Amino acid sequence: MSFNDELVKRFEQMAQMLELTGANPFRVNAHARAARTIDELTSDLREIAGDAKALIAIPGIGKGIAEKIAEFADTGKIGEHLDLLAEVPAGLLRVLEVPGLGPKKVALLWKDLGVEDIDGLKRVIADDSILGLPRMGKKTVENLSASIAFMESSGERLHLGIAAPIAEAIVERMGSVRGVTRAAFAGSLRRGRETIGDIDVLVCTTDPDGAREAFTSMDGVTEVLARGESKSSVRLSLEGIDHARWGGDGSSQVQVDLRIVPEGSWGAALMYFSGSKEHNVRLRERAQKQGLTLNEYGLYPVAEGDDGDEPPQKRGVKAKAAKTEEDIYAALGLAWVPPEIREDRGELELEQTPRLIEVGDIRAELHAHTTASDGSMSLEELVAEAKARKLHTIAVTDHSKSSAQAGGLDEKRLRAQREQIEALRETTKGIEILYGCEVDILGDGSLDFDDDFLAELDVVVASPHVALSQEPTKATARLLKAIENPCVHVLGHPTGRLINRRQGLEPAMDEIIAAAVEHDVALEINAHWMRLDLRDTHVRAAVAAGAKIAIDCDDHAPRDFDNLVYGVLTGRRGWLTPELCVNTWTKSRLHKWLRSKRA
DNA sequence: GCCGTTTTCGGCCCGACTGTTTTCAGTCG
């Protein structure tokens, strides 16, 4: 684990343990925010751990947190963290994750009943001693039992690529319910986050009862958690979802929330439920400074003498803006912010809405496999699929010889494939076929072929596939060596991570980015939803440094081309504009750049 | 614990829902 990740883990734990010991909630939040801030950094904090001024310059890190970072750099531990670990039972943090249990109740369970872990919780449920706690009745305990079962069957957040099709299907179904005039999903899914905790669906309807009924009786609903005036919640079984595609060891259920919102508040509700929470907090603070208050119904003026007991929409106050997101941002003096960048990462300082990359901008694919290695498409099928997707260029990049398990090609087989490609070019119109290879970056950073051979290829995508748990300094040196190779065009899935499954390499990303700029190598956003590698924060740093980005689907089958949307979402989350993305370039510009590495 | 073109002290976003209450605490997002 990298230095930064070690800190993230400690500050997250400290936030939870402080919460359980009844600390000032703002202090709790400060630790949680520090964890989040550090998690998003692309530079190694160890480098500046001794420089208090530099640490404090990072938003969210003040004197107290900076001291703890320095302490950790010096001693490998944080005294207060150890004190808390000694005080709070380790298993209690897991109890805190049970839906329906918050810090107050967990603290009571711990102090009054001696609960220290999930088993302890199950025990006090089984012997009914839990019923002796205040505000803990039969119904609450029933819900707790169901929550424990839910938690044990749904360990981790859902992949974007699993959740998005489910949400689209729900939106389509809700949109066809009588009386429903609008339906959309919001939440982290709309922001394109790589994983999704739950699915939020918004509707406007003239028949709330009908919408509620249709929602709670959908196919796959295993449990109805709430059925209120404006909000309903269900748990949905993922049985029938193609688990084989993603390993099948993840969640088997997902929570889905339905919000019924007034037509006139659509924009406010969409904004509110799209988040992120941090973005919303910033917006509400901004509203407050302007004498306004923002909630999910609209942006309202705060009149003199408001006691704040009743929200403005209930007192008949007329909203300053509510109908569309654009109206609300404008009323706050802001440009509309695309959902993907609503993360409180500086987006509220934008003078105008940035032109982020879109799926329609992509005109070339530089990373695709055929049956020659581990793909399911023949060369002809791959090219036909790419042509059907209106691309001007498709690069054939099967694995290299070291990837034996994937049927990697050696020099001889690649040269034979080249003849095949040249023959196919003769009979194919409307698309350029490039002869390339996804070349293994070996553990020491050398490539699977010598430079003379690499120079024969139109496109070289260099990717790590083995030794993915090597230590950060080695990983950095390894990737730098690959980038410095003059024949390499694209650094493929740079960290080799698999979301929820494998951490992958943890190189000093700012060094990798700087080298990519210097050596004119494009960094890949691998669009497969298991990878999304580079991840959003890496893209943001790369974009800021002016590095070229390649968004590639790493196609193995025709449907893999559909993953493009997830790669684009990740690019958008990294503030990527079309200009920096080589896949958006015209044919002549792209090919000129590729050839520039063959001089 | 962080932060500051009103502040270095005193703030720190807002509402819905549930279950347990008889006016609301706790949780969630």
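Chain letters run A, B, ... following the sequence lines, proteins first, then strands; residues in each count from 1. Note that the coordinates shown come from a computational prediction; the quantities given were computed from them, not determined experimentally.
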**Asked** Whole-Å distance between B/dG26 P and A/L20 CG?
**Response** 14 Å
**Message:** Just to be sure I understand the rule, does A/K68 reach a base, reach only the sugar-phosphate, or reach nothing, if contact means heavy atoms closer than 4.0 Å?
**Reply:** sugar-phosphate
**d(CZ, A/R282; P, B/dC3) in whole Å** = 9 Å
**Message:** Over all strands shown, is A/N29 touching base, sugar-phosphate only, or nothing at heavy-atom distances under 4.0 angstrom?
**Reply:** nothing
**Request:** In whole angstrom, give me the gap between the C1' atoms of B/dT23 and B/dT18.
**Result:** 15 Å
**Prompt:** Atom CG of A/L18 and atom P of B/dG1: how far apart are they, to the nearest Å?
**Reply:** 8 Å
**Prompt:** When we call it a touch if two heavy atoms are under 4.0 Å apart, what does A/P25 touch: a base, just sugar-phosphate, or nothing?
**Reply:** nothing
**Message:** My understanding is that only one of A/V28, A/V88, A/L84 makes a side chain to side chain contact (heavy atoms under 4.5 Å, CB included) with A/L20; could you say which?
**Reply:** A/V88
**Message:** On the nucleotide B/dA16, are OP1 or OP2 found under 4.0 Å from the side-chain N or O atoms that A/Y297 carries?
**Reply:** yes
**Item:** Distance, C1' atom - from B/dC12 to B/dA16, rounded to whole angstrom
**Value:** 22 Å
**Message:** Just the rounded figure in Å: distance from C1' of B/dG4 to CZ of A/R286.
**Reply:** 16 Å
**Request:** Pick the P atom in B/dG1 and in B/dT5, then give their distance to the nearest Å.
**Result:** 23 Å
**Residue A/K104, side-chain atoms from C-beta onward, closest of B/dG26, B/dT18, B/dG1** = B/dG26
**Request:** Classify the nucleic acid contact of A/P134 as base, sugar-phosphate or nothing, counting any heavy atom under 4.0 Å across all strands shown.
**Result:** nothing
**Request:** Would you indicate whether the side-chain heavy atoms of A/H31 and A/K68 approach each other to under 4.5 Å?
**Result:** yes
**Prompt:** Under 4.0 Å between a side-chain N or O of A/T140 and OP1 or OP2 of B/dT18?
**Reply:** no
**Message:** By nearest heavy atom, map A/I56 and A/K138 onto DNA chain B; which one lands nearer the 5' end?
**Reply:** A/I56
**Prompt:** Base, sugar-phosphate, or nothing: which does A/G60 touch, judged by heavy atoms less than 4.0 Å apart?
**Reply:** sugar-phosphate
**Request:** Could you walk me through whether A/E87 and A/T21 pass the side-chain hydrogen bond (donor to acceptor under 3.5 Å, both in side chains) test, one step at a time?
**Result:** CA-CA 9 Å; A/E87 185 183 354; A/T21 54; 5.2 Å; no
**Request:** For the pair A/S188 and A/R193, evaluate side-chain hydrogen bond (donor to acceptor under 3.5 Å, both in side chains) and give the outcome as yes or no after the intermediate values.
**Result:** CA-CA 6 Å; A/S188 51; A/R193 266 195 66 172; 5.5 Å; no
**Item:** Interatomic distance, A/E229 CD vs B/dC17 P [rounded to whole Å]
**Value:** 7 Å
**Message:** With rounding to the closest Å, how many angstrom separate the P atoms on B/dT20 and B/dG26?
**Reply:** 14 Å
**Request:** Just compare B/dT18, B/dG15, B/dG1 and give me whichever is closest to any side-chain atom of A/E296.
**Result:** B/dG15
**Request:** Rounded to the nearest angstrom, tell me the gap between atom CG in A/N280 and atom P in B/dC12.
**Result:** 18 Å
**Request:** Please determine, by modelled atom types, if A/S233 and A/D257 share a side-chain donor-acceptor pair under 3.5 angstrom.
**Result:** yes
**Request:** Counting heavy atoms from C-beta on, name the nucleotide in B/dC12, B/dG1, B/dT27 closest to the side chain of A/E285.
**Result:** B/dC12
**Request:** Count the heavy atoms belonging to other residues, nucleotides or ligands that lie under 6.0 Å from CZ of A/R227, then report whether that count exceeds 12.
**Result:** no
**Asked** Contacts to DNA chain B from residues 333-347 of chain A, heavy-atom cutoff under 4.0 Å, which residues?
**Response** none
**Complete:** Using Watson-Crick geometry (N1-N3 plus N6-O4 or O6-N4) or G-U wobble (N1-O2, O6-N3), each under 3.5 Å, B/dC2 is paired with B/dG11
**Request:** Test for a donor-acceptor pair under 3.5 Å between the base of B/dG29 and the side chain of A/D257, counting only N and O atoms.
**Result:** no
**Request:** May I ask whether A/F26 stacks on the base of B/dC12, given the cut-offs of 5.5 Å between ring centres and 30° between planes?
**Result:** yes
**Asked** Across the strands shown, which category fits A/L283 at heavy-atom distances under 4.0 angstrom: base, sugar-phosphate, nothing?
**Response** nothing
**Request:** Rounded off to whole Å, could you give me the CZ-to-C1' distance for the A/R33 and B/dC3 pair?
**Result:** 9 Å
**Message:** So A/V261, base contact, sugar-phosphate only, or nothing? Heavy-atom distance under 4.0 Å.
**Reply:** nothing
**Asked** Among side-chain atoms of A/D127 and A/S129, is any donor-acceptor pair under 3.5 angstrom?
**Response** yes
**Prompt:** With a non-hydrogen cut-off below 4.0 angstrom, is A/T293 in contact with a base, only sugar-phosphate, or nothing?
**Reply:** sugar-phosphate
**Request:** Select base, sugar-phosphate, or nothing to describe what A/Y272 touches, counting heavy atoms under 4.0 Å on all strands.
**Result:** base
**Prompt:** Is there a side-chain polar atom (N or O) of A/K231 under 4.0 Å from OP1 or OP2 of B/dG15?
**Reply:** no
**Spacing of the C1' atoms in B/dT7 and B/dG11 (rounded, Å)** = 9 Å
**Prompt:** Can you tell if the side chain of A/L7 reaches within under 4.5 Å of the side chain of A/I78, non-hydrogen atoms only?
**Reply:** yes
**Request:** Can you tell me the distance, in whole Å, between the CD1 atom of A/I199 and the P atom of B/dG29?
**Result:** 13 Å
